[in-house]
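For reference, the structure is listed below as structure tokens.
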Amino acid sequence: MDILGAGLILAARATPHDLSIFHPESPAGSAIANLSILVLVITSGILLIVGGVLMYCVLRFRTTSVDGIEPPQVYGSIPIEVAWTAAPAMIVFILILVTTRTLWEVEIPKPSSTPGDDALFVTVVGRQWWWEYQYEQYNGKELAFVTANELHMPVSESGRPRRVHLTLKSDDVCHSFWVPRLGGKTDLIPGRVSTMWLQTERPGLYLGQCAEFCGEQHANMLLRVVAESPDAFDAWLEKEAASAKTTSTEAVAQGRELFQKLSCVNCHSVRGTSADGTNGPDLTHVMRRATLASGQIVNSPENLRSWIADPQKIKRGSLMPNFGLSQLQLDHIMAYLESLD
Ligand code: CUA
């Protein structure tokens, strides 16, 4: 088993289905969780005090008036009015201060890539309904490859942070990048560029979800972040940056030819071949991804085959049409795609 395999097993042992902001695994996530707890404590206190006084008054002073005479009314008590104006103003002021401090902790400016900085720079493009990741630099070195739906990042060690600086853009409508345990939501807005950063010391798989309604399949625009040891990440990077394999069997060659002929190439890229479409996910190493259709289904041969046979059955509204392929054509395309690892 190679390093990547070990990394994936480690990732599977973590608790990927935990989407709670109260179990943060990053500095930004912790800052947000702390602020949320403080706000919850303060607002729960207010709820208890106001609700308690209200209930007390309702019970203590309820009266069954038979003579129609109202109890004495109280107007213009200055101490009471000062108290209920000053106390909320103080609370709001405290919340403004801690929120501002959290904003400073969460929004650090994006530096430029320099050798030895251990930082990874990735541009995330939101698409209906999947994520494109353009790997740009790592540790000052230029990377120039594109992948989809599964973001791999190296973990930090104490005293040696390995930050991931994300530049977020949208290709169509508004989306929102949200991996709850790694930080807050950041919107991807057409015509604008947003930034955020990730950092974690704990290897594992972190799940997330597009958090801005973006159309029919918004709920199936899932996020997967694989945080792995620097060695495992380096191994992943090296394989991912390589072009598609050129050695092939007869079946693979037939599949490749069909792939080029059937207009798959208008939307998909396979580095090292003439396929350079950019509307759909890059397929250079598609078999190395654990899922298909933005985390919706497991990347197994059966699922991949039914996806190609009719994507609309799995993700209705997806931009990939049903090409009406014959079983033989499907066999060939599958042979080709399965060679892309
Ligand atoms: Cu993308 Cu919701």
Side-chain angles (χ1 to χ4, degrees), residues 2 4-5 7-8 11 125 127-135 144-152 205 217 220-224 226 235-341:
D2 62 2
L4 178 84
L8 283 177
V125 184
R127 307 281 198 109
Q128 280 174 317
W129 293 276
W130 56 282
W131 305 92
E132 179 174 298
Y133 295 116
Q134 303 167 353
Y135 277 71
F145 67 85
V146 178
T147 181
N149 295 327
E150 290 172 18
L151 179 69
H152 284 245
L205 173 64
Q217 293 293 341
N220 287 322
M221 191 166 166
L222 307 174
L223 277 156
R224 297 170 69 84
V226 181
W236 178 84
L237 206 61
E238 197 185 321
K239 277 194 181 173
E240 201 67 27
S243 294
K245 271 185 239 154
T246 47
T247 53
S248 62
T249 62
E250 182 58 30
V252 170
Q254 277 180 327
R256 187 188 298 126
E257 200 179 307
L258 197 59
F259 185 84
Q260 317 256 353
K261 223 168 64 190
L262 282 172
S263 70
C264 308
V265 292
N266 292 346
C267 293
H268 295 287
S269 288
V270 179
R271 260 174 293 128
T273 75
S274 59
D276 59 358
T278 54
N279 294 323
D282 183 295
L283 299 178
T284 309
H285 298 291
V286 63
M287 295 319 287
R288 302 182 71 210
R289 295 181 206 143
T291 61
L292 295 169
S294 200
Q296 203 180 341
I297 49 175
V298 170
N299 187 6
S300 66
E302 304 77 57
N303 283 348
L304 181 57
R305 195 183 174 99
S306 32
W307 171 262
I308 299 161
D310 190 359
Q312 301 299 316
K313 221 161 152 181
I314 294 166
K315 204 163 201 149
R316 200 179 61 193
S318 151
L319 292 181
M320 177 154 157
N322 176 351
F323 283 97
L325 303 184
S326 69
Q327 290 304 319
L328 186 65
Q329 286 177 315
L330 273 173
D331 289 344
H332 288 154
I333 293 285
M334 278 300 293
Y336 177 46
L337 291 184
E338 284 184 281
S339 77
L340 299 176
D341 61 357

Donor-acceptor pair, side chain of [X] and main chain of [Y], under 3.5 angstrom:
X      : Y      : answer
Asn149 : Trp131 : yes
Arg224 : Gly295 : no
Gln296 : Leu222 : no
Asn299 : Arg289 : yes
Gln312 : Ser318 : yes

Note: Ile308 and Pro311 closest approach over all heavy atoms is O-CD, 3.9 Å

Please find the pair of heavy atoms, one from Ser294 and one from Lys315, that lie closest to each other, and give the distance.
CB-NZ, 3.6 Å

Give, for atom OH of Tyr135 and atom CH2 of Trp236, the distance between the pair rounded to the nearest 0.5 Å.
3.5 Å

Can you name the residues that form a side-chain contact (heavy atoms from CB on, under 4.5 Å) with [X], not counting sequence neighbours?
X      : answer
Pro301 : Met334, Glu338
Thr284 : Ala244, Arg271, Asp282
Thr278 : none

Those residues that, when tested against [X], pass side chain to side chain donor-acceptor pair (under 3.5 Å) (two or more places apart):
X      : value
Asn220 : Gln217
Lys245 : Asp341
Glu238 : none
Thr291 : Glu150

What residue pairs, at least two apart or across chains, pass ring pair (Phe, Tyr, Trp, His ring centres under 6.0 Å) with a residue in residues 284-303?
none

For residues 289-318, which residue pairs pass the ring pair (Phe, Tyr, Trp, His ring centres under 6.0 Å) check, not counting sequence neighbours?
none

Only counting residues at least two apart or in another chain, list the ones meeting salt bridge (charged side-chain N to carboxylate O under 4.0 Å, His left out) with Asp276.
none

With no hydrogens and no angle check, do the side chains of Gln327 and Gln329 hold a donor and an acceptor under 3.5 Å apart?
no

In Leu337, Leu283, Val286, the residue satisfying side-chain contact (heavy atoms from CB on, under 4.5 Å) with His268 is Leu283

Pair up each side-chain donor or acceptor in residues 251-262 with any protein partner under 3.5 Å, not counting sequence neighbours, and list the distances.
{"from": "Gln254", "atom 1": "OE1", "to": "His332", "atom 2": "NE2", "distance (Å)": "3.1"}
{"from": "Gln260", "atom 1": "OE1", "to": "Ser274", "atom 2": "OG", "distance (Å)": "2.6"}

For Trp130, give me all partners under ring pair (Phe, Tyr, Trp, His ring centres under 6.0 Å), at least two apart in sequence or on another chain.
none

